[in-house]
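Remarks on the structure that follows.
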Amino acid sequence: MSEKTRKTVRIIALIALIISVGLLAFYAADDIRSKNTDDKLQDLKGAQPTFTIPDVLPEYEALCAENPDTIGWLKIDGTGIDNVVMYAPDEIDKYLHTDFYGNYAYRGCLFVDEYCDVLRSDNIIIYGHNMKDGTMFGSLMYYVSEDFYKQHKYISFDTIYEKQTYEIVAAIKTAILPKDDNGFKYYEYTGQNDEVSFNEYLKFIDENKLYDTDAALRQGDKILTLSTCAYHASDGRFIVVARKIS
């Protein structure tokens, strides 16, 4: 066997050894991770839960049975808003153009932002299309008028677990900002209830609200934000912000 051939064989053998050692290390690490997971599961078995999901309200049981993505019902008296609300955090914008039964529908459904949790988030953001026939959030634009607000100050948003009432704090014309824009992005605020973030949110509201209302946000409030498309600006949005009162 020539020296060149012996070198080639040694190199191949060395590569094979490195690959073998690497595979052994990979499987060993995977075994350790799996063992740790098993240990954690054993610890969780029989442990007291840190967070308990409440029972579904009887009036929403049939809706949930028909579609488990059901998360609540939104109603504003004096508008066309009286609709089921969906939540599919693992399928972003699933209900943007999908109806309750999973069929294509341009108007879609009202749906909660995928980064929100109706049980734990301090700000629940609900999206809906601004439909010309007034369906979905087509009539949300009525809140451009201060006179309309004065006659329709309250929002009913029942989650499937709890009946809730909110009072409106502000109506705002805004827009989706470019990713590199450092301006406040209301659609990224899901209620990090630290003082700095909350004060930034208050500043955004004060600088953009269309008129003064009888209500104001306080740190610790549970917030509801209704958001729809608007046409005053490129990527314009119209939002109504409310605070939970019961």
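These values consider heavy atoms only, across backbone and side chains, with no hydrogens, waters or symmetry-generated copies.
Proximity of Lys75 to Ile81: side-chain heavy atoms (C-beta onward) are nowhere separated by under 4.5 Å. Counting heavy atoms from C-beta on, the side chains of Asp69 and Tyr95 come closer than 4.5 Å. Looking at Thr159 and Tyr60, their side chains never come closer than 4.5 Å, going by heavy atoms from C-beta outward.
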Let's go through Lys244 and Asp221 carefully: what are the C-alpha distance in whole Å and the side-chain angles of both, what is the deciding distance for salt bridge (charged side-chain N to carboxylate O under 4.0 Å, His left out) to 0.1 Å, and is it a yes or a no? CA-CA 7 Å; Lys244 184 179 177 183; Asp221 280 343; over 6 Å; no
Which is it for Thr135 and Asp133 under the side-chain hydrogen bond (donor to acceptor under 3.5 Å, both in side chains) test, yes or no, and what are the steps along the way? CA-CA 6 Å; Thr135 57; Asp133 63 0; 2.6 Å; yes
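Without hydrogens or angle criteria, Asn199 side chain to Glu195 main chain gives a donor-acceptor distance under 3.5 Å. Side-chain atoms of Thr228 come within 3.5 Å of backbone N or O of Gly128 as a donor-acceptor pair. Here the side chain of Asp99 pairs a donor or acceptor atom with the backbone of Gly102 at under 3.5 angstrom. A distance-only check finds a donor-acceptor pair linking the side chain of Gln164 to the backbone of Phe157 [under 3.5 Å].
Side-chain atoms of Asp113 and Tyr127 form a donor-acceptor pair, as typed in the model, at a separation below 3.5 Å. No side-chain N or O of Thr70 forms a donor-acceptor pair with one of Asn67 less than 3.5 Å apart.
Centroid-to-centroid, the aromatic rings of Tyr149 and Tyr211 come within less than 6.0 Å. Aromatic ring centroids of Phe238 and His232 lie 6.0 Å or more apart.
In this view, Phe204 and Phe184 satisfy the ring-ring contact (aromatic ring centres under 6.0 Å, His included) rule, not counting sequence neighbours. Residues passing the side chain to side chain donor-acceptor pair (under 3.5 Å) test with Lys163, sequence neighbours excluded: Glu59, Asp158. Checked against ring-ring contact (aromatic ring centres under 6.0 Å, His included), Tyr166 has no partners two or more places apart in sequence or in another chain. Under the rule for a side-chain contact (heavy atoms from CB on, under 4.5 Å), the partners of Asn123 that lie at least two apart in sequence or sit in another chain are Ile125, Tyr189, Tyr201, Ile223, Thr225. Looking at residues two or more places apart in sequence or on another chain, you find a ring-ring contact (aromatic ring centres under 6.0 Å, His included) between Phe148 and Tyr142, Tyr143, His152. Under the side chain to side chain donor-acceptor pair (under 3.5 Å) criterion, Lys185 pairs with no residue, sequence neighbours left out.
Salt bridge Asp122/Lys222: present, at least one basic N to carboxylate O contact under 4.0 Å.
Counted within 6.0 Å of CG on Asn103, heavy atoms from surrounding residues, nucleotides or ligands total more than 12; the atom is thus considered enclosed.
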